[in-house]
Amino acid sequence: MMEAILQADQAILNGIQDLFRCDFLDVFLTFVTKLGNGGFIWLFIGTLMCCFRKSRRTGVILLCSVAAGFLIGEMTIKPMIGRLRPFMDNTAVELLIDPPRGFSFPSGHSMSSFAAATALFLCGKRKVSWLWYLGAALMAFSRLYLYVHYPSDVLVGAVLGGLTAWAVYALFERFWPRGTIKVFKEM
């Protein structure tokens, strides 16, 4: 079973290289992926939201979701699974970014992006939330395009990120419903 998944993963990655590789996407998706390094873009958005009373609770939920995803993915699952990155298996591929350190499974960029998008969906205006998911999907695709994650890494990272945000949101709704914490109002 694992061998079949690995073969499918490699076939998809190689297909992406064959179909989409071009100068524009080389530059654009390198930029996109760098925004996600260390969850930077999501930490920036969450911190910015915390600066305004109206969006503070959403910012806190977003930051907690990304932090929980980091603890689950980077600190727990990645060292436990220890999956090597695709460019280590296929050394013929020329990387456009510095080789990432650490293991491949699950994708931290995908996990943080989908955790943030889901937190923003749950807390915000759901009619425009598709934009956050579009950004998260673009971030996830950049990891495939740049050959630093397998599709299964990205898929599991996205699902875990979404589930993590749902869990964080549910905890906030259970223990700190809207309007019950003075700290959020006074900060």
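Of all heavy-atom pairs spanning Leu96 and Tyr145, the tightest one is CD1-CE2, 4.2 Å. Minimum interatomic distance between Ser142 and Leu29 (heavy atoms only, all atoms of both residues): CB-O, 3.7 Å.
With hydrogens and angles disregarded, no donor-acceptor distance shorter than 3.5 Å links the side chain of His149 to the backbone of Val154. For Asp9 (side chain) and Tyr150 (main-chain N/O), no donor-acceptor pair under 3.5 Å exists by modelled atom type. Listed for the Ser55 side chain is a donor-acceptor partner under 3.5 Å among the backbone atoms of Met49. Between the side chain of Thr118 and the backbone N or O of Ala115 there is no donor-acceptor pair closer than 3.5 Å. Formation of a donor-acceptor pair under 3.5 Å by the Arg57 side chain with backbone atoms of Cys123 is not found in this model. The main-chain N or O of Val148 is found under 3.5 Å from a side-chain atom of Arg85 such that the two form a donor-acceptor pair. At distances below 3.5 Å, at least one donor-acceptor pair connects side-chain atoms of Lys78 with backbone N or O atoms of Phe103.
Side-chain contact between Ser104 and Leu84 is absent, with no heavy atoms from C-beta onward closer than 4.5 Å.
No side-chain N or O of Asp89 forms a donor-acceptor pair with one of Tyr147 less than 3.5 Å apart. Between the side chains of Trp42 and Ser113, a donor-acceptor pair is found at a separation under 3.5 Å.
Salt bridge annotation for Glu74-Arg101: absent, with no cationic side-chain nitrogen under 4.0 angstrom from a carboxylate oxygen.
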Carefully, step by step, assess Met139 and Val32 under the rule side chain to side chain contact (heavy atoms under 4.5 Å, CB included).
CA-CA 6 Å; Met139 182 70 68; Val32 168; 4.2 Å; yes
Side chain to side chain contact (heavy atoms under 4.5 Å, CB included) between Phe121 and Trp130, worked out:
CA-CA 8 Å; Phe121 167 77; Trp130 66 272; over 6 Å; no
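With sequence neighbours excluded, the residues that form a ring pair (Phe, Tyr, Trp, His ring centres under 6.0 Å) with Phe28 are Phe24.
By the 6.0 Å contact criterion, CE on Met80 is enclosed, its count of non-hydrogen atoms from other residues, nucleotides or ligands being greater than 12.
Among residues at least two apart or in separate chains, salt bridge (Lys or Arg N to Asp or Glu O under 4.0 Å) pairs with a member in residues 142-154 are Arg83-Asp153.
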